[in-house]
Amino acid sequence: MALSAPPPARVFAELVPARVLTPTPTLTPAPAPTGRGGPPGPPRREVHVSGSAELSASPDRARPRGPTGTSRGLPDPTRQPAQQSALQPAAGEENMTVTEDFSRVENTYQMEAEVCIIFSDFGKMQNVCNLLIEKLGTSVTISPPHFYHTPEAVDTLRRQVCVAAVGNTRRKAQEVCRLFGQSLGKPLLIREEETKEWGGHVDSHLSNFPDSLTLQERIQNATAYASCRVFAVFEIKGKENRRNKLL
């Protein structure tokens with residue numbers, strides 16, 4: 001049996017107008033403006049250190065408690081007492097105050113006088129006290145001196161101990177940088193963290209030192225102490241200059 005011929009092939013096609021493809025937009029970073037808004041530079045190198053210092057200050061003023069004395073049989077209460085006459089040339093320009101108390105006993109007057117002299121020269125104070133005892137003898141009584149600090153002396157001690165602590169901190173940072181062959185730059189932060197004060201006392205009448213203490217022991221008891229601790233941040237500049245290292 002003869003096979004029939006296959007039907008002729010048919011092709012269907014449709015022409016569609018070509019589409020224009022739009023390229024997908026891409027985000028391109030804009031160039032960063034120059035100046036302060038530019039890209040960050042390399043991180044700054046820093047050294048963080050802390051340091052401390054402790055200083056002391058001897059008292060700068062002394063006030064003997066006395067001399068006190070009593071004069072009897074004064075016919076005139078306006079008469080200058082012998083104690084004050086002896087004190088005036090001996091004290092010189094030192095600060096001196098005199099307190100006098102007159103009372104009448106029968107036909108005469110009795111006077112009790114107390115003299116307070118503030119000394120800044122302790123050697124001169126001893127000379128004046130010795131002179132009074134030599135001239136007036138048992139008619140006067142001189143108590144042991146009271147040593148103290150003026151407010152100006154205390155403020156000076158506080159400033160000095162803070163500056164000393166900052167100096168110690170900077171030297172410490174320099175040694176750390178030299179250990180790694182670097183040089184120390186400018187300070188970025190200096191902060192006072194702690195201060196302490198002890199010993200000594202300002203002008204006060206509440207001084208009760210035993211009479212057995214020597215003059216130097218009284219000065220030592222009245223010595224003021226202060227300590228300060230600071231924290232600082234310094235910039236590290238770079239490699240240390242060989243010439244500076246040799247110096």
Side-chain angles (χ1 to χ4, degrees), residues 27-62 119-125 145-204 207 209 213-247:
L27 298 178
T28 303
T34 59
R36 301 178 63 180
R44 184 172 55 191
R45 299 187 304 165
E46 303 172 352
V47 55
H48 297 210
V49 291
S50 61
S52 60
E54 179 179 319
L55 296 177
S56 63
S58 300
D60 61 331
R61 292 292 186 276
F119 292 90
S120 58
D121 187 340
F122 299 159
K124 185 176 183 180
M125 176 194 67
H146 164 54
F147 295 97
Y148 64 95
H149 295 81
T150 58
E152 294 78 10
V154 176
D155 290 340
T156 300
L157 176 62
R158 291 168 180 167
R159 291 195 303 269
Q160 289 177 343
V161 72
C162 180
V163 172
V166 173
N168 291 339
T169 305
R170 183 178 182 275
R171 286 188 288 271
K172 184 177 180 180
Q174 281 182 324
E175 293 179 3
V176 171
C177 288
R178 288 176 180 174
L179 182 63
F180 296 98
Q182 305 295 309
S183 60
L184 188 67
K186 61 183 179 180
L188 304 176
L189 171 68
I190 298 177
R191 181 175 64 240
E192 188 179 43
E193 291 194 325
E194 183 183 51
T195 57
K196 292 182 180 180
E197 298 177 13
W198 66 96
H201 48 269
V202 296
D203 188 3
S204 173
S207 178
F209 293 136
L213 294 179
T214 65
L215 186 66
Q216 292 300 324
E217 289 173 340
R218 295 175 186 278
I219 294 177
Q220 182 64 33
N221 286 344
T223 299
Y225 299 85
S227 65
C228 179
R229 181 165 55 89
V230 300
F231 173 78
V233 178
F234 294 91
E235 182 183 19
I236 300 178
K237 292 172 57 177
K239 291 188 176 181
E240 187 179 13
N241 192 323
R242 184 177 180 85
R243 179 180 178 183
N244 295 337
K245 186 175 182 180
L246 295 176
L247 293 178

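Values in this document were obtained by computation on a predicted structure and should not be read as measured data.
Rounded to the nearest 0.5 angstrom, S56 OG and Q220 CD are separated by 8.0 Å. Atom-to-atom distance recorded for L55:CG and R158:CZ is 13.5 Å, nearest 0.5 angstrom. In this structure, CZ on R61 lies 5.0 Å from OG on S120, to the nearest 0.5 angstrom. For the atom pair OG of S50 and CG of N168, the computed distance is 11.0 Å after rounding to the nearest 0.5 Å. To the nearest 0.5 Å, the span separating SG on C162 from CD on E192 amounts to 4.0 Å. The CE atom of M125 sits 4.0 Å away from the CZ atom of F147 when rounded to the nearest 0.5 Å.
Contact record, A173 with L184: CB-CD1, 3.9 Å, taken as the closest heavy-atom pair. When all heavy atoms of A53 and V161 are compared, the closest pair comes out as O-CG2, 3.5 Å. A pairwise comparison of heavy atoms in I219 and T223 identifies O-OG1, 2.9 Å as the closest pair. Listed here is the closest heavy atom pair of W198 and S227: CZ3-OG, 3.7 Å.
Side-chain contact between E197 and L157: absent, with no pair of heavy atoms (C-beta onward) separated by less than 4.5 Å. Contact check for R171 versus T169: no side-chain heavy atoms found under the 4.5 Å cut-off. At least one side-chain heavy atom of H149 sits under 4.5 Å from a side-chain heavy atom of D60.
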Inset, instruction - Check the pair V166, R170 against side-chain contact (heavy atoms from CB on, under 4.5 Å), reporting the backbone distance first and the verdict last. - result: CA-CA 6 Å; V166 173; R170 183 178 182 275; 5.6 Å; no

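In this pair, H48 and F231 present their aromatic rings perpendicular. The plane angle is above 60°, beyond the 30 to 60° band.
Salt bridge status for R191 with E193: present, with a side-chain N to carboxylate O gap under 4.0 Å.
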